[in-house]
Amino acid sequence: MIKTRFAPSPTGLVHLGNIRTALFNALLAYHNQGIFLLRIEDTDQERSEQRYVEQLMADLRWLGLDWQEGNIETGSGQGQYAPYAQSQRGDIYNHYYQQLEQSGLVYPCFCSPEELSISRKLQRSAGQAPRYTGTCSHLQADEVANKLAQGLKPTLRFRVPRGEVIQFDDVVRGLQKFQSDDIGDFIIRRADNTPAFFFCNAVDDALMQVTHVLRGEDHLTNTPRQLLILNALGLTAPQYGHISLIVGTDNTPLSKRHGSRSIQALAAEGWLPIAINNYLARLGHSGGRNELLPLTELAADFDIKRLGKTPAKYDEDQLLYWQQQAVLHSDEQTLADWLNDTRTLVPEAQYAEFVSAIRGNITFPKDAILWAQILFAQHFAETENWDYSDPAREQIQQAGSAFFQQAVNALETANGAWSELTKVLKKTTDKKGKALFMPLRAALTGQTHGPEMGRLLPLLGQQEASLRLQRAADMSG
Ligand code: GLU
């Protein structure tokens, strides 16, 4: 059974980068009818906040990334390996610290942050990679007891074996080898007794029986340390896969500067979850089908072998493309919910036809609001400040008053039907093609582009249409 997980630290809002990690892990689990687990890594008690836990769960649900095990609303967790918030797992960690202490694989370190910083600087200026020099690794039991008696609070360091090669098969990047001599003894418990990332992250993956960990490339160098810990504890490590990071067009890590924003912000802007899923599922993962797919189908297409090793470039135009696909292909209910704010602007009886007529021309709910206002704002002809676009004004001027007078008459004859209106008008004005359609569109909608006029005209109604044509006649007279 494949089990993957998303293990966010709730210290801020979830962005596209971390949600893509969640998505890949979810897709891997769904593809294999496995389990997708949610674990909250809230050991940094100062920066972790419950509101971020709640928001990230809301984001996952909004995207449809349901988890089968792990944190639920209450934050207390549900499943065999609860609790799933690291802040509640202190006793479990203590058990494993003791195990390491008993086997002599760890030692207390009393070096102060200042001492460590000086040591790192010295190493750097000597052209060496900074790593812990091992000052406290040789302390005798009585020295340790002495320092503890003075009230000094030690960190706990893991004793890295010398002269070993640590290797693992990364499911994305292939065989990875690290020299243990390049890794200094590292901290697994902070001086305030909270567990350090390397430790609790690895221990929890093992205890929760996670089989696969897909995570950002920035964690690659953490993995040998985590393998050392698990090995020392006799715990089974998951298979790690380090996915390429998302970069902006300038090849630097995706940030606000590139337009990256939180999932919450994207939802508020009116992006559809299926658009985000379809975009992210292809960002650094290639070879699947190319059409808009629901999560179940994205999962069917997901294959870890097709995860890219090169940085994935963020391109908002692509996201926009999937958004348009999503609007075109969403079912009526989804669309109606998405456009909820438009409802009050449109007569109930015409709502379904309105949505169906405009869906090919909108990308965000605000576009629909604009069309609702264009079509249903009362007394268009008398609205002083009606916002014709500049090209629409130009069209109206060029067509001239006589054209619109004819149009008013033709509309009458046509009984409000678009095809009839244009047929009659073509005869009476001798105009055709663009010269015929554009001025009508401009006069009736104030725009030179938009949904099919054949669908808009009935929504507008004959009376309102007639007023608008008359107004155009007056404007261009
Ligand atoms: N809490 C870690 C993070 O948010 C998890 C890293 C991992 O996936 O192992 O970066």
Side-chain angles (χ1 to χ4, degrees), residues 327-328 332 335-336 339 342-363 366-477:
V327 178
L328 274 180
E332 272 176 27
L335 221 53
L339 296 176
T342 323
R343 224 166 230 286
T344 50
L345 302 171
V346 180
E348 187 55 35
Q350 287 172 295
Y351 192 70
E353 174 52 22
F354 166 74
V355 171
S356 161
I358 64 160
R359 69 152 73 195
N361 292 76
I362 57 171
T363 315
K366 66 176 167 36
D367 307 326
I369 289 182
L370 186 71
W371 281 108
Q373 283 165 343
I374 286 175
L375 294 170
F376 301 105
Q378 291 300 297
H379 309 304
F380 172 97
E382 285 134 40
T383 307
E384 289 288 310
N385 301 321
W386 184 266
D387 218 2
Y388 293 94
S389 71
D390 288 343
R393 277 181 201 284
E394 221 166 276
Q395 286 288 340
I396 292 169
Q397 291 305 331
Q398 268 174 22
S401 183
F403 175 87
F404 292 110
Q405 287 298 350
Q406 301 273 27
V408 172
N409 297 337
L411 183 69
E412 187 83 37
T413 320
N415 243 333
W418 174 253
S419 59
E420 234 358 76
L421 161 67
T422 50
K423 207 156 115 196
V424 175
L425 198 58
K426 190 174 169 186
K427 272 198 199 121
T428 52
T429 61
D430 225 17
K431 289 197 169 154
K432 57 180 185 198
K434 247 182 140 185
L436 180 71
F437 299 120
M438 270 306 187
L440 288 175
R441 178 182 283 284
L444 293 170
T445 68
Q447 307 291 321
T448 50
H449 56 82
E452 274 175 60
M453 285 304 301
R455 301 192 73 174
L456 295 188
L457 187 55
L459 288 167
L460 208 52
Q462 188 173 345
Q463 200 183 350
E464 179 68 18
S466 182
L467 285 171
R468 293 183 184 195
L469 292 172
Q470 189 57 57
R471 174 139 195 242
D474 298 345
M475 279 166 66
S476 53

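Just so it is clear, the model here is predicted, and its values are computed rather than measured.
- For the pair L459 and E353, the minimum side-chain heavy-atom distance is below 4.5 Å.
- Q406 CD to L411 CG: the interatomic distance, rounded to the nearest 0.5 Å, is 13.0 Å.
- The OG1 atom of T342 sits 13.5 Å away from atom CH2 of W371, with the distance rounded to the nearest 0.5 Å.
- Closest of all the heavy-atom pairs between V346 and A372 is CG2-CB, 3.8 Å.
- Side-chain atoms of T429 come within 3.5 Å of backbone atoms of L425 as a donor-acceptor pair (strictly under, hydrogens ignored).
- For the side chain to side chain contact (heavy atoms under 4.5 Å, CB included) with L375, the qualifying choice from L456, L444, L345 is L456, the only one to do so.
- The OG1 atom of T428 sits 8.5 Å away from the CZ atom of F403 when rounded to the nearest 0.5 Å.
- When all heavy atoms of G416 and L457 are compared, the closest pair comes out as O-CD2, 3.4 Å.
- In the displayed structure, Q397 atom CD is contacted under 6.0 Å by more than 12 heavy atoms of other residues, nucleotides or ligands.
- Between K426 and K431 the shortest heavy-atom distance is CG-O, 3.2 Å.
- Distance check: R441 CZ to E452 CD gives 9.0 Å after rounding to the nearest 0.5 Å.
- Looking only at distances, a side-chain donor or acceptor of S401 sits under 3.5 Å from a matching main-chain atom of A473.
- When side chains are defined from C-beta on, T445 counts as touching M453, because their heavy atoms get closer than 4.5 Å.
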So L339 and I362, side chain to side chain contact (heavy atoms under 4.5 Å, CB included) or not? Walk me through it.
CA-CA 11 Å; L339 296 176; I362 57 171; 4.2 Å; yes

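- The two atoms that bring G450 and N361 nearest to each other are C-ND2, 3.2 Å, heavy atoms only.
- Note that the CD1 atom of I374 and the OH atom of Y388 stand 11.0 Å from one another [nearest 0.5 Å].
- Nearest heavy-atom pair across P439 and F404 is O-CE2, 3.5 Å.
- Between A392 and A442 the shortest heavy-atom distance is O-CB, 3.6 Å.
- Q462 has its side chain within reach of N415: a pair of non-hydrogen atoms, C-beta onward, lies under 4.5 Å apart.
- Heavy atoms of other residues, nucleotides or ligands lying less than 6.0 angstrom from CD of E412 number 12 at most.
- Panel note: side chain R359, backbone V327; a donor-acceptor pair is recorded below 3.5 Å.
- Counting heavy atoms from C-beta on, the side chains of H449 and S389 never come closer than 4.5 Å.
- Note that CZ of R343 and CD1 of I369 are 13.5 Å apart. Values are rounded to the nearest 0.5 Å.
- Formation of a donor-acceptor pair under 3.5 Å by the T422 side chain with backbone atoms of W418 is found in this model.
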